[in-house]
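Below: one structure, written as structure tokens.
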Number of protein chains: 2
Amino acid sequence: MHTDCTGEKTARPGESEIVVIAETFRLLGDPTRLKILLECLDGAVSVGEIARRIDASQSLVSHHLRLLRAARLVKGTRQSKQVYYEADDHHIRHIVSDMVAHAAESEDTQ
Amino acid sequence: MHTDCTGEKTARPGESEIVVIAETFRLLGDPTRLKILLECLDGAVSVGEIARRIDASQSLVSHHLRLLRAARLVKGTRQSKQVYYEADDHHIRHIVSDMVAHAAESEDTQ
DNA sequence: TTTACATATGAATACGTGTTGATATGTTGG
DNA sequence: CCAACATATCAACACGTATTCATATGTAAA
């Protein structure tokens with residue numbers, strides 16, 4: 001994983017970009033929303049099925065999906081009655097998997 | 001970047017891990033904390049210099065650094081009077097740079 | 001030890017937001 | 001049309017937390 005780590009410095013974003021990026025990170029910072037996003041990583045899932053899988057109310061899931069959609073973390077496509085949601089792009093998968101690795105490392109090292 | 005994207009599914013973390021991961025994401029979800037972390041990406045910086053660079057009070061920076069340290073996002077080493085902080089590991093850089101890329105893509109596509 | 005500097009901690013407040021319950025919108029079939 | 005289902009939106013409460021100010025701890029020089 002991540003073979004091309006040649007120590008390149010990350011370009012510093014401007015003030016307005018930082019706010020947007022932080023806003024996006026903040027969305028991942030809620031356990032319920034993170035669960036919803038995790039369910040959307042392996043393919044398109046309907047709202048109702050997400051609610052069932054993570055054991056949350058339909059209203060709550062819909063609220064969170066609205067936020068995730070606004071930040072382009074997920075995208076939804078209507079198919080008759082139901083709306084199927086899935087992760088927007090590949091960056092999201094990398095971000096989540098990197099964070100999982102970080103958390104696992106912390107537990108190991110500690 | 002990220003050349004080895006062979007469509008592998010991300011392993012689903014358990015409930016307790018999800019809470020930890022969300023907690024870590026949440027820390028990145030505050031603009032001030034994100035700025036602090038960004039300053040720590042390119043090398044070790046003292047608390048006072050961070051405060052000066054991002055134009056925040058010393059107390060606030062110290063409070064945030066305490067949280068970032070607890071989540072192993074940064075690590076600090078004392079050198080006489082000052083304490084120098086830097087990003088804990090390489091995952092953090094990837095996570096941040098991926099999110100920057102995601103934000104940039106969103107603006108382009110939109 | 002005293003003085004000055006750098007960092008950490010404590011308490012209090014103001015603000016945002018996750019969650020719930022009820023309701024509205026949209027879609028398909030009878 | 002109406003009824004049944006899926007999703008979205010609205011209003012309101014409860015709770016966490018980012019920030020500030022004051023103070024404590026730690027470190028080095030005089």
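Every chain is numbered from 1, with letters handed out A, B, ... down the list of sequences. Computed from a prediction, not measured in an experiment: that's the story for all the values here.
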With a cut-off of less than 4.0 Å, is there a side-chain N or O of B:T32 near OP1 or OP2 of D:dT19?
yes

Roughly how many Å is it from CZ in A:R69 to P in D:dT7, rounded to a whole number?
12 Å

Within residues 45-56 of chain A, which residues have any heavy atom lying less than 4.0 Å from an atom of DNA chain C?
none

Minimum-distance pair of heavy atoms, taken over all atoms of A:D89 and B:H102:
OD2-ND1, 2.9 Å

Could you check if a side-chain atom of A:V45 sits within less than 4.5 angstrom of a side-chain atom of A:R53, using non-hydrogen atoms only?
yes

Candidates D:dT7, C:dT9, D:dA18 - which lies nearest the side chain of B:L67
D:dA18

Rounded to the nearest angstrom, tell me the gap between atom NE2 in B:H64 and atom C1' in D:dA18.
6 Å

Only residue of B:I92, B:V20, B:L28 satisfying side chain to side chain contact (heavy atoms under 4.5 Å, CB included) with A:M99 is B:L28

Starting from P on D:dG16, measure out to CG on B:D30 and report it in whole angstrom.
18 Å

Find the distance B:L60:CG to D:dA22:P and express it as a whole number of Å.
16 Å

Under 3.5 Å: donor-acceptor pair, side chain of B:S62, backbone of B:Q58
no

Would you please test B:Q82 and B:Q79 for side-chain contact (heavy atoms from CB on, under 4.5 Å) and show each step?
CA-CA 6 Å; B:Q82 1 231 3; B:Q79 199 155 343; 5.7 Å; no

N/O-N/O pairs, protein side and nucleotides 21-30 of chain C side, under 3.5 Å:
unit_1 : atom_1 : unit_2 : atom_2 : d
C:dG21 : O6     : A:S59  : OG     : 2.8

Looking at B:E23 and B:R26, is there a salt bridge between them, counting it only when a charged N and a carboxylate O are closer than 4.0 Å?
yes

Whole-Å distance, A:L65 CG to D:dA8 P, equals 7 Å

How many whole angstroms separate atom CZ of B:R33 from atom C1' of C:dG16?
14 Å

Less than 4.0 angstrom between a side-chain N/O of B:Y85 and OP1 or OP2 of C:dA6, yes or no?
no

Exactly one of B:D88, B:L65, B:L67 clears side chain to side chain contact (heavy atoms under 4.5 Å, CB included) with B:V74, and that residue is B:L65

Take atom CG of B:L68 and atom P of C:dT7, then tell me their distance rounded to the nearest Å.
16 Å

Which atom names give the shortest non-hydrogen contact between A:R93 and A:A87, and what distance separates them?
NH2-CB, 4.2 Å

So A:Y84, base contact, sugar-phosphate only, or nothing? Heavy-atom distance under 4.0 Å.
nothing

Does OP1 or OP2 of C:dG16 have a side-chain N or O of B:R26 closer than 4.0 Å?
no

Nearest-angstrom distance from the residue atom CZ of A:R66 to C1' of C:dG18
15 Å

Is there side-chain contact between A:I50 and A:C40, with at least one heavy-atom pair below 4.5 Å?
yes

